[in-house]
Colleague: 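Pasting in a structure now, in structure tokens, and then I'll have a few things to ask.
Numbered from 1 within each chain, the chains take letters A, B, ... in sequence-line order. Computed over heavy atoms, backbone and side chain alike; hydrogens, waters and symmetry mates excluded.
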Amino acid sequence: MTELAKNYNPHATEKDLYEEWERRGYFQPQDHGKGERFSVLMPPPNVTGVLHLGHALENTILDIMTRYKRMQGYETLFVPGADHAAVATQARVEKNLIGSGAYTNPREELGREKLLALIRDFAEQSKSTITAQVRAMGSSCDWSRFAYTLDDTRAHAVTTVFEKMYRDGLIYRGYRVVNWSVKGQSTCSDDELEHHERTGTLYTFKYSKDFPFAIATTRPETKLGDTAVAVNPTDERYAQYIGKTFTVDVGAAKPLSLTIIADQNIDPAFGTGAVGVTPAHSMVDFEMYEKNPDIGIVPVIGKDGRMLPAAGAAYAGLTVAEARAKFVDYLRDNDLLISEEDVQQNVGTSDRFGDVVEVLPMEQWFVAVNKPIPGRDNKTLKDLMRDAVHDGVDGATTTITPARFTKVYDHWIDNLRDWCISRQVWWGHRIPVWYRGDEMVVSATRPDGDGWEQDPDTLDTWFSSGMWAFSALGWPDDLEDFRKYFPNTWMQMGTEIIFFWMARMILMATYVHGTVPFTDVYIHGILRDRDGRKFSKSLGNGIDPLDIIKDYGTDALRMALISDITPGNDARFSMDKVTDARNFTNKLWNIARYILSGTGNTAPAPIARTSADHWILARLDATITTVTDHLEHYRFAQAATALRDFTWNDFADWYVEVHKIEKNDALIRFVFRTLLALWHPFMPFVTETLFAHFRTDGHAAMLIIAPWPQPRAAQGAGDAETFVTVKNLITTLRNIRALYRLTPEQKPVLACDADLYPLATEHSDIIRRLARVERIMPEAEAATAGSAAVTTPRGSGALLLGSIIDVAAERARLEEELATARKLAADKQARLENENFTARAPQDVVAKERTLLAEAQRRAEELHNALNTLHA
RNA sequence: GGGUGAUUAGCUCAGUUGGUUAGAGCACUUCUCUUACAAAGAAGGGGUCAGUGGUUCGAGUCCACUAUCACCCACCA
């Protein structure tokens, strides 16, 4: 017999177990002859730092599903990885370098190669930290397949797809307006902007005294680059001017030539109903320019965030803010400014560099989302992305859980513009394009001949992570896994990444492979702190998962993370949840201690003999069914709750206690082993540790590959019901004991009516011990015994005799109960007398009500009789 | 401006197609160190389901409106 310590100590085993699972190859896909596969990919954490609780939650969710499916016999693959996170990582390293005081402008001072070397070092260090953390979480992923978005295979995937898209005309180089971070000196995509509300000023002014009407703007300085004025085509005030061109001199290098154009999107009710059009510095204005190219485009702001010479000699070189003030002064001095008014506006801010983003026209690389794809029936990338979650792409669809996010995704697609994929940071996949004079070649490698220069820019990090669904499976270098596991079975991610990542993965998979990246995707909410705030550096409320693991163990952390989570909704995390979970692991541990100390490790077929045996098996069956159903629907928290309820309330509090009286060693071991299996996906370490003590010949080598439990279609439902009656009787007796403050030594006599007596005597040992009853006798004998006080447990047909009981208090208690029972009976009666109810409600509901009425009436009668006995 | 979600016990949350007297964990109260566990055991108190109106024999559950909170999208310049 192995002696277990009094309390569970996670540190003694976690590391060794993880290594043993890995060494035995259980993390690698194994064919169990089931012929079905389950493949998931880890959302690759950014190599910008360390894992936080959000990552820990994702890994827990992924690992629960993976372990569950593995136990069900699926050939299971869980691929781990890391993301180079282009802009984010470079921004982080640059910030560190500047923060250290050694550099003020790392890009200039170090140059491309040296800075890249520093970033690479940082990324490698971060990567090893992250993988250690993922291991500590217990994630059963296949490390031999570890994928990094910047390694050779993934780089190959990127260049392959880039070339294919270029050939198909979906990637193009164009002069268009883009979001430009002055601080980061790089473009960013629309999705990388955070919109912050702030108060701005809406200026209403006229371009000149001669100009026929006024316009309104919050960006006066950009008016130096206006090339048109737009009005709504239905606006009668301006109809006469549409098509006319006015020349005004506002101080720019050249007088502005303003054509009045009509545009549906102009709101006649806002401002003056007329808008100055600045194609170079506004996304919507640029779109107007695309429709009316004749108006021209005049950039007046440069990459450094300062005014260009085109803005005029007085403005060139000024910052945007300085130019704004100066231009407003000009308007005021010349009596052109009509009004100033505070307005709330949203400004786009770079999420990585933190500065307000300028819109500038530049030569950049784009993915065309609205262009027909050759050989795809005129479908565009947008069409494919929409089809993936609706009609299907070549018969394949992705199902989003919860379904409401499908609408969010649709809406995003509707508003999608061409995707700017070139970035001016250095950390990332370099654009596979080469230039020599006017020549341009798209190629992963330098073309033959001298003088070729590669495009200095890199690709948006989401261009490579968009391929994760297949590049992580080895495509295009090694197609074995790809053929076997693609599309992936499942994916999970947070709400905040639906557009960035899920949409791009769908784009890439549907375009490159004509199918979806994964069949099902589960969206989880954000993890917040106990007060509902987001975890953030600035709030200082971050928690390192490793700290919790150190103090409470991985299983406790995993359980705490998934407690109370529901699909798509945010959840709160608190240390209370961790201690609760830790307490539970200890509970499981101590149940094991009891069983190990009290039973032998033989494994005969478990046979139910007593009513308690039948009851626990029935409850176990129901629990298996419930937990399996919850897991199939990704209801992780509810699955764990159902299991906890069974483990603690049924098994520990009742069956283990009964086992101390009526031993069925084979059965208690069977139930506990089954429990360990059910708990394993949630708490892999404590369950595997305990399994080693319960394993006998014929069981799996380790719990991680043990079969997922199946209901046994337990027999003896009647016996199980009998035990429920006994259990209720005991609870009631205990209730009365507590009510009258009986000490453990005070043991009353239990008198039962004719119905209950046989059952009570049959379970005499259990009742006497668990309810602390002296002895059990028939009611008839009790009546003649002349005891001083009597009590009747509710609806049980039993009396408790003993001089310790307070007759007056007991009478009050019974009267209260009687009133409750009578009210219930009256309610039921009224309902059944309602013809509408009996006629329209389903028959089974009506029958149920009749049963309940009968029960309530019976109980009222019993209580009434009990009161009479009490008086006598 | 458009959209989504939330509102159930002191706290954190369940409540799957409307059908018993609305549940759990924690916290709280009382009792108990009973030889698995005080990180425990036993018993108990506590909510009318944000509000209003509606549909229905029946509403926490469906519909409408209102309130509060949270989030997403959107360069009404």
Colleague: Name the stems that RNA chain B belongs to, where each is three or more consecutive Watson-Crick or G-U pairs with both distances under 3.5 Å?
Modeller: B:1-7 with B:67-73, B:10-13 with B:23-26, B:28-32 with B:40-44, B:50-54 with B:62-66
Colleague: Rounding to an integer number of angstrom, what distance separates B/A74 and B/G3 when you compare their P atoms?
Modeller: 15 Å
Colleague: Need one value for A/V359: base, sugar-phosphate or nothing, where a base atom within 4.0 Å counts as base even if backbone is also close, heavy atoms only.
Modeller: base
Colleague: For A/H195, which contact category applies under a 4.0 Å heavy-atom criterion: base, sugar-phosphate, or nothing?
Modeller: sugar-phosphate
Colleague: Is the NZ or CZ atom of A/R734 positioned over A/W654's six-membered ring, under 6.0 angstrom from the centre and within 45° of the axis?
Modeller: yes
Colleague: Quick one: side chain to side chain donor-acceptor pair (under 3.5 Å) partners of A/R533, sequence neighbours excluded?
Modeller: A/D529
Colleague: With sequence neighbours excluded, what pairs up with A/T495 under the side chain to side chain contact (heavy atoms under 4.5 Å, CB included) test?
Modeller: A/F405, A/I523, A/I526
Colleague: Taking the side chain as everything from C-beta on, heavy atoms only, tell me whether A/N834 gets closer than 4.5 Å to A/T838.
Modeller: no
Colleague: Whole angstrom is fine here: how far is it from CD1 in A/I523 over to C1' in B/G5?
Modeller: 14 Å
Colleague: Among residues at least two apart in sequence or on other chains, which ones pass side chain to side chain donor-acceptor pair (under 3.5 Å) with A/D267?
Modeller: none
Colleague: Using the P atom as the reference point in each nucleotide, state the distance between B/U35 and B/A27 in Å, no decimals.
Modeller: 23 Å
Colleague: Would you please test A/D226 and A/T278 for side chain to side chain donor-acceptor pair (under 3.5 Å) and show each step?
Modeller: CA-CA 4 Å; A/D226 278 7; A/T278 324; 2.5 Å; yes
Colleague: Indicate whether any N or O donor in one side chain lies under 3.5 Å from an N or O acceptor in the other, for A/T689 and A/W589.
Modeller: no
Colleague: Can you tell me how far P of B/A74 sits from CD of A/E194, to the nearest Å?
Modeller: 12 Å
Colleague: Along nucleotides 29-40 of chain B, 5' to 3', which nucleotides get a B, which get an S, and which get a -, given that the test is a protein heavy-atom distance under 4.0 Å?
Modeller: -S-----BBSBS
Colleague: Please list, chain by chain and in numerical order, all residues satisfying salt bridge (charged side-chain N to carboxylate O under 4.0 Å, His left out) with A/E849, sequence neighbours excluded.
Modeller: A/K828, A/R831
Colleague: What integer number of Å spans the P atoms of B/A24 and B/G44?
Modeller: 12 Å
Colleague: Between A/N541 and A/S536, is there a donor-acceptor pair closer than 3.5 Å when you use the side chain of the first and the backbone of the second?
Modeller: yes
Colleague: In whole angstroms, how far is the C1' atom of B/C11 from the CE atom of A/M575?
Modeller: 17 Å
Colleague: Under 4.0 Å from OP1 or OP2 of B/C11: is there any side-chain N or O of A/S574 that close?
Modeller: no
Colleague: For A/T218, which contact category applies under a 4.0 Å heavy-atom criterion: base, sugar-phosphate, or nothing?
Modeller: sugar-phosphate
Colleague: Of all residues at least two apart in sequence or in a different chain, which pass the side chain to side chain contact (heavy atoms under 4.5 Å, CB included) check with A/T227?
Modeller: A/P279, A/I295, A/V298
Colleague: Without decimals, in angstroms, what is the distance between A/H196 NE2 and B/C72 P?
Modeller: 10 Å
Colleague: Can a cation-pi geometry be assigned to A/K660 and A/Y594, taking NZ or CZ under 6.0 Å from the six-membered ring centre and within 45° of the ring axis?
Modeller: yes
Colleague: Could you give the distance separating B/U20 and B/G60 at their C1' atoms, to the nearest angstrom?
Modeller: 15 Å
Colleague: Determine whether A/E774 and A/R768 satisfy the following criterion, salt bridge (charged side-chain N to carboxylate O under 4.0 Å, His left out), listing intermediate values before the conclusion.
Modeller: CA-CA 6 Å; A/E774 172 65 36; A/R768 284 191 297 123; over 6 Å; no
Colleague: Let me know the distance between CZ of A/F405 and C1' of B/G3, rounded to the nearest Å.
Modeller: 12 Å
Colleague: Whole angstroms only, please: what is the CG-P distance between A/D190 and B/C73?
Modeller: 11 Å
Colleague: Can you check the A/N836 CG to B/U56 C1' distance for me, whole Å?
Modeller: 10 Å
Colleague: Considering only atom P, compute the distance from B/G47 to B/A9 and round it to an integer number of Å.
Modeller: 10 Å
Colleague: Counting primed atoms plus P, OP1 and OP2 as sugar-phosphate and everything else as base, spell out the protein contacts along nucleotides 13-24 of chain B at 4.0 Å heavy-atom distance: B, S or - for each nucleotide, 5' to 3'.
Modeller: SSSB--BBB---
Colleague: Under 3.5 Å, which protein N or O atoms sit close to an N or O of nucleotides 48-50 of chain B? Give each pair with its distance.
Modeller:
none

Colleague: Using atom CZ of A/R404 as one end and atom C1' of B/C73 as the other, report the distance to the nearest whole Å.
Modeller: 15 Å
Colleague: For residues A/Q344 and A/T199, is any side-chain donor paired with an opposing acceptor at under 3.5 Å?
Modeller: yes
Colleague: Considering every strand and a 4.0 Å limit on heavy-atom distances, what is the contact class for A/R417: base, sugar-phosphate, or nothing?
Modeller: sugar-phosphate
Colleague: What interatomic distance, in whole Å, is found between P of B/C49 and the corresponding atom of B/U7?
Modeller: 13 Å
Colleague: Which residues pass the side chain to side chain donor-acceptor pair (under 3.5 Å) test with A/E340, sequence neighbours left out?
Modeller: A/R332
Colleague: Would you say the side chains of A/T731 and A/N728 form a donor-acceptor pair under 3.5 Å?
Modeller: no
Colleague: Determine the interatomic distance between C1' on B/G58 and the same-named atom on B/U48; round to the nearest Å.
Modeller: 16 Å
Colleague: Below 4.0 angstrom, which residues in residues 265-277 of chain A have at least one non-hydrogen atom near RNA chain B?
Modeller: A/I266, A/D267, A/F270, A/V275
Colleague: Could you measure between the two P atoms, the one in B/G53 and the one in B/G46, and give it in whole Å?
Modeller: 28 Å
Colleague: Go through the steps to decide whether A/F584 and A/F682 satisfy the test ring-ring contact (aromatic ring centres under 6.0 Å, His included), and finish with yes or no.
Modeller: CA-CA 12 Å; A/F584 183 75; A/F682 302 88; over 10 Å; no
Colleague: At 4.0 Å (heavy atoms only), tell me whether A/N346 reaches a base, stays on the sugar-phosphate, or touches nothing.
Modeller: base
Colleague: Once side chain to side chain donor-acceptor pair (under 3.5 Å) is applied, do any residues pair with A/Y238, and if so which ones, sequence neighbours excluded?
Modeller: none
Colleague: Could you tell me whether A/R404 atom CZ has more than 12 heavy atoms of other residues or ligands within 6.0 Å of it?
Modeller: yes
